[in-house]
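One structure below.
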Amino acid sequence: MIPLARPSVGEREEELVLETLRSGRLALGPRLPEFEERLGARLGAEHVSAVSSGTAGLHLAVRAAGIKPGDDVVTTPFSFVASANCLLYEGARPVFCDIDPRTLNISVEAAGDALTERTTGIVPVHIFGYPADMAGIELLSRDCGLWVVEDACEALGAVHADGRPVGTRGNLSVFAFYPNKQLTTGEGGAVVAPSTAVKERIDSERNQGRAPDMGWLDHDRLGFNYRLDDLSCALGLAQLERLDELLAARARVAALYGEALGGVEGLDLPCPDEGGDRRSWFVYVVQLPREVDRDASVTAMRERGVDTKPYLPAIHLMSFYRERFGHREGEFPVCEGVAARALALPFFPELADADVEQVAESLLAVIGR
Ligand SMILES: Cc1ncc(COP(=O)(O)O)c(C=O)c1O
């Protein structure tokens, strides 16, 4: 079976993780600040806090941005559920708006139309590693006095047209390091903060509300346990050393898929880079021809030894969101149309040429092209 995803872990990862394991410093040790500093250096960002997951990072980021119970926050329904859930943790309401049909990112125009009197913030997501229109979102946020938290969980390595890495525009930004991501720490994530003071708040809240100079059992604010352990940081350090190689390997696989599947009638591929924006390849998601039965395709692909997954489902149509907020089909037609046709193909750095060929051939046979 060709799997959907597989982390690339080699000798350097083994070496650093083993060294850390043998050091006896498994948590709150030296690997944590080392990982934060190296990640910051790689991004060109000064204030980075490593946390236990992307979701934990989003939670701390919206808190640091000033979210309050009863706030409306505009976000995209075409995302992993965590980008909306983090708002619910704080008693705010996710207000969804439709997406851009080319990039699949939040439409700035639709975001503007979705603002209410209670809107205080906006959470754009760089979906599938393609940079969201941050210039447009920042204009909107400036005009309307909104905070911005960027969900860059899928976008480590992506670059905006002006040359700035995604996640470094001065908003709070969040990355995630689950094993299917461009860089993995196992579970893990990171927040990029705009100042030392915000980083200190995040560092405190990830560690039960303890300030750096406080005794072990003294706490001056509400906090959580969102710490990232040193073994994970060691893994992340090794992955950071190899990040360019890992990103290039992903881009290579994407190019092979592009060659094998380009020009097939009715099959839409991920959009190419445009206007100077550069995608960091996270997944390879195609949109099947409209008449094709996606569920049957998943089964037929599995029978041919290829794992695929409908990805992503629209958040507003998930049962929890429907029941809680009364969402129905038809609210966000572009998102719903994409979500109904989207299929993730096997995608990871070490996917062999022959496997890409097998996936492509199977897909074309299954969809009758
Ligand atoms: C867009 C997006 N947001 C948030 C997350 C949450 O990250 P994690 O799974 O590390 O909590 C993910 C990861 O899957 C994601 O893809």
Side-chain angles (χ1 to χ4, degrees), residues 4-7 35 39 48-63 65 67 73-90 94 96 99-100 103-106 121-132 134 137 148-158 166-167 171-192 202 205-206 224-229 232-233 235-236 239 250 270 279-285 309-316 318 320-321 335 338-339 342 344 347-348:
L4 260 180
R6 187 194 290 152
F35 178 56
L39 180 60
V48 176
S49 299
V51 289
S52 54
S53 69
T55 308
L58 285 167
H59 187 192
L60 296 185
V62 296
R63 282 174 63 86
I67 198 170
V73 179
V74 175
T75 191
T76 167
F78 192 65
S79 175
F80 182 66
V81 69
S83 54
N85 279 351
C86 69
L87 309 171
L88 297 179
Y89 299 159
E90 292 296 316
F96 296 112
I99 59 170
D100 179 284
T103 66
L104 312 185
N105 283 321
I106 195 166
I122 178 161
V123 178
V125 180
H126 304 280
I127 203 70
F128 303 160
Y130 196 88
M134 290 311 302
I137 286 162
V148 180
V149 168
E150 294 178 48
D151 181 338
C153 287
E154 301 187 353
L156 181 65
V166 161
N171 307 304
L172 281 139
S173 297
V174 182
F175 293 97
F177 307 130
Y178 190 74
N180 63 344
K181 296 293 194 295
Q182 288 92 332
L183 174 153
T184 188
T185 56
E187 296 284 1
V191 183
V192 178
I202 288 168
E205 290 194 357
R206 82 177 162 189
F224 308 86
N225 180 355
Y226 287 165
R227 296 187 302 262
L228 190 63
D229 65 275
S232 301
C233 291
L235 178 52
Q239 292 260 293
R250 284 178 177 271
R279 183 198 294 270
S280 167
W281 285 96
F282 165 54
V283 281
Y284 200 88
V285 174
K309 190 155 108 187
Y311 188 81
L312 290 153
I315 298 175
H316 67 288
M318 292 177 177
F320 171 71
Y321 277 84
C335 167
V338 174
F347 190 74
F348 48 91

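All heavy atoms count here, side chains included; hydrogens, waters and symmetry mates do not. Values in this document were obtained by computation on a predicted structure and should not be read as measured data. When a ligand or atom number is given, it counts from 1 through the structure's own listing order. This chain uses plain numbering: 1 for the first residue, then up along the sequence.
Close approach of ligand 1 to A176 is summarised as follows: ligand atoms under 4.0 Å from at least one heavy atom of the residue are 7 (O), 10 (O). Those atoms of ligand 1 that come under 4.0 Å of a heavy atom in A82, given as number and element, are 4 (C), 6 (C). Residue S53 has at least one heavy-atom neighbour below 4.0 Å for each of these atoms of ligand 1: 10 (O), 11 (O). Residue contact check: C153 has heavy atoms under 4.0 Å from atoms 2 (C), 3 (N), 4 (C), 5 (C), 12 (C), 15 (C) of ligand 1. In the vicinity of V125, heavy-atom distances shorter than 4.0 Å reach the ligand 1 atoms 1 (C). Residue L58 approaches ligand 1 through these ligand atoms, each under 4.0 Å from one of its heavy atoms: 4 (C).
Proximity of I137 to M134: side-chain heavy atoms (C-beta onward) are separated by under 4.5 Å at one or more points. Looking at V285 and F347, their side chains never come closer than 4.5 Å, going by heavy atoms from C-beta outward. Between T185 and F35 there is a side-chain heavy-atom pair separated by less than 4.5 Å. You'll find the side chain of T76 stays beyond 4.5 Å of the side chain of P124, heavy atoms only.
Contacts of K181 with ligand 1, taken as heavy-atom pairs under 4.0 Å, involve the side chain alone. For V174, no heavy-atom contact with ligand 1 is shorter than 4.0 Å.
Between Y89 and H59, the ring planes lie perpendicular to each other; the angle is over 60°, past the 30° to 60° tilted range. Between F128 and F78, the angle of the ring planes goes over 60°, which puts this pair in the perpendicular group of the 30/60° scheme.
To the nearest 0.5 Å, atom CD1 of residue I127 and atom CG of residue D151 are 7.5 Å apart.
Heavy-atom proximity to atom 10 (O) of ligand 1, evaluated over S52, G54, S79, is greatest for G54.
Looking only at heavy atoms of the protein, atom 3 (N) of ligand 1 is closest to D151 OD2, 2.6 Å. Atom 16 (O) of ligand 1 has as its closest protein heavy atom E154 OE2, 2.6 Å. Nearest protein heavy-atom neighbour of atom 6 (C) of ligand 1: T55 OG1, 3.5 Å. With hydrogens left out, the protein atom closest to atom 12 (C) of ligand 1 is F80 CD2, 3.5 Å, a heavy atom.
Checking side-chain atoms of E205 against main-chain N and O of F224 turns up no donor-acceptor pair under 3.5 Å.
Among all heavy-atom pairs drawn from L228 and E187, the shortest one is CD1-O, 3.6 Å.
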